[in-house]
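Quick notes on the structure that follows.
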2 protein chains.
Amino acid sequence: MYSIQDVSQKTGLSAHTLRYYEKEGLISGVERTAGGFRQYTDEDLERLGLICCLKNTGMSIQEIARFVRLTHEGDHTLEERVELLRAHRELVLERMAEMQKHLDKVTWKLNFFTEKLRAYEAQKAKEKQ
Amino acid sequence: MYSIQDVSQKTGLSAHTLRYYEKEGLISGVERTAGGFRQYTDEDLERLGLICCLKNTGMSIQEIARFVRLTHEGDHTLEERVELLRAHRELVLERMAEMQKHLDKVTWKLNFFTEKLRAYEAQKAKEKQ
DNA sequence: TATTGACTTAGAGTGAACTTTAAGGATTAA
DNA sequence: TTAATCCTTAAAGTTCACTCTAAGTCAATA
C-alpha cells in the first residue's frame with residue numbers, strides 16, 4: 001500500500017496531479033484508510049503505468065477517461081477498447097513517421113551548417129597565418 | 001513572388017500565424033510591394049520550411065526565434081547554430097525513443113485485450129449454441 | 001469603380017493540462 | 001503529543017501557440 005506521496009515519487013506525477021486525474025476519471029476506486037487517506041495498491045500503480053503510457057504517447061485526458069470508463073463497464077466493451085487502442089497506435093505511428101521526416105530535414109541542415117563551419121574555420125586559420 | 005494567402009496555402013499556416021511568426025522574429029526581411037503588401041520569395045518559403053520542421057519536432061517559438069537571430073548575425077554564429085541544432089536533434093531522438101517505449105507498452109496491452117476479446121467472443125458463441 | 005484582400009496595433013479569447021492558493025479540518029507516524 | 005501529511009471544495013493562475021476581433025486605412029484586381 002502506498003501513500004499519495006509514495007505514488008507521486010514512483011510516477012513522477014505530483015500529488016495534486018494524482019488527485020486531479022482521479023477527479024477527471026483517469027484512476028478510480030482507489031482505497032482509503034479509515035481516516036480517508038488514499039492507499040494505492042500495486043494494481044493501481046499498474047493502471048497508472050498504462051495511463052502514463054497513453055498520456056506520453058499524446059492521448060488526451062478526455063480520451064483516457066473514456067478508455068477507463070469502458071474498462072469499468074466490463075467485457076462487453078472489449079471490442080471498443082481494442083479499437084480505441086488500435087486507432088491510437090496507428091496515430092502515434094503516423095506521428096512518429098512524420099516526426100522522423102521533419103527530423104531528417106533538421107539533420108540535413110545540421111550537416112550543411114557543420115560543413116559551412118568547417119570551411120569558415122579553415123578560412124579563419126588561413127587569415128591568421 | 002507569393003502573397004500571404006499563397007504562402008498560407010503552401011505551408012498550411014494561416015495568414016494570421018504568418019504575421020504572428022514575423023512579429024515573433026521567426027521570419028524576417030520579407031519584401032513588400034510599393035503598397036506594403038508582403039511578397040514572399042522562394043527563399044522565404046525555404047526558410048519557412050526549416051522553421052516548420054523545427055516547430056514540428058517540438059522546438060519552441062522562442063528557441064526558433066533565437067536560431068533565426070543567430071542566422072542573421074552571420075558566420076561567426078555558425079558554431080552556436082550547429083550546437084543548437086545538434087542539441088535539438090539529440091533531444092528529439094531521445095523523445096522518440098521514449099515514445100517508442102511507451103508505445104510498446106500500449107501495443108502489449110492491445111495484444112492482451114485482443115486475446116481477451118477472442119476468448120470472450122468464443123465464450124459468447126458457445127453460450128449461444 | 002466596386003469588391004476583395006491586405007495592412008496596422010493592441011488586446012482579448014481559446015484549449016489543454018496542469019499548478020497553485022486558500023481555508024479549515026482530520027489523520028498518521030515517530 | 002507533535003510534527004508532518006492528508007483531506008476537501010472551489011476557483012484562480014500559468015504556459016504555449018495560436019486565433020480572433022476591432023477599427024480604420026490602403027492596395028490590387030476585374
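Hydrogens, waters and symmetry mates play no part in the numbers below; they use all other heavy atoms, side chains included.
- Taken from CG in B/D75 to NZ in A/K124, the straight-line distance is 10.0 Å, to the nearest 0.5 Å.
- Atom CG in A/D6 sits about 15 Å away from atom P in C/dT28, given to the nearest Å.
- Of the residues A/L84, A/L50, A/I51, the one that meets the side-chain contact (heavy atoms from CB on, under 4.5 Å) test with A/I64 is A/I51.
- A rotation axis mapping the C1' atoms of four pairs onto the next four is fitted at both ends of the helix from C/dT1-D/dA30 to C/dA30-D/dT1 over five pairs, and the angle between these axes is 30° to 10 degrees.
- Here C/dT19 presents its C1' atom at 10 Å from OH of A/Y20, a figure rounded to the nearest Å.
- Between B/T77 and B/T71, the shortest heavy-atom distance links the atoms OG1-N, 4.3 Å.
- Closest to the B/Y21 side chain, of the nucleotides C/dC18, D/dC7, D/dC18, is D/dC18.
- Of all heavy-atom pairs spanning B/S28 and B/V68, the tightest one is OG-CG1, 4.5 Å.
- In terms of heavy atoms, B/C53 sits closest to A/V106 at CB-CG2, 4.1 Å.
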Taking protein heavy atoms under 4.0 Å as touching, what does nucleotides 21-30 of chain D look like 5' to 3' if B marks base contact, S marks sugar-phosphate-only contact and - marks none? B-----SS--
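- The NZ-P distance, from B/K23 to D/dC18, rounds to 12 Å in whole Å.
- Residue A/N111 holds its CG atom at 7.5 Å from CZ of B/R89, rounded to the nearest 0.5 Å.
- A/R38 has a side-chain polar atom (N or O) that falls below the 4.0 Å cut-off from OP1 or OP2 of D/dC7.
- Distance check, rounded to the nearest 0.5 Å: CD of A/Q5 to CZ of A/F37 gives 11.5 Å.
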Criterion side-chain contact (heavy atoms from CB on, under 4.5 Å) on B/I4 and B/E22, from CA distance to verdict: CA-CA 12 Å; B/I4 198 164; B/E22 199 174 310; over 6 Å; no
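- From B/R95, atom CZ reaches atom NE2 of B/H88 across 7.0 Å, with rounding to the nearest 0.5 Å.
- Rounded to an integer number of Å, the gap from B/L18 CG to C/dT8 P is 12 Å.
- Between A/N56 atom CG and C/dA16 atom C1' the separation is 15 Å, expressed in whole Å.
- When rounded to the nearest whole Å, the span between CD of B/E31 and P of C/dA6 equals 18 Å.
- In this structure, the separation between CG on B/L26 and OH on B/Y20 is 8.0 Å, given to the nearest 0.5 Å.
- Non-hydrogen atoms lying under 4.0 Å from DNA chain C are contributed by A/S60, A/I61, all within residues 57-68 of chain A.
- Residue A/E24 is classed as having no contact, given no heavy-atom separation below 4.0 Å to the nucleic acid.
- The side chain of B/R32 has C/dT8 as its nearest neighbour among D/dC7, D/dA17, C/dT8.
- Contact annotation: A/R19 reaches the phosphate of D/dC7 (side-chain N/O to OP1 or OP2, under 4.0 Å).
- Residue A/Y2 contributes atom OH, which lies 19 Å from atom C1' of D/dT5 at whole-angstrom precision.
- Among the nucleotides D/dC7, D/dC18, C/dT19, the one closest to the side chain of A/I4 is D/dC7.
- When only modelled atom types and interatomic distance are considered, B/Q100 and B/D104 share a side-chain donor-acceptor pair under 3.5 Å.
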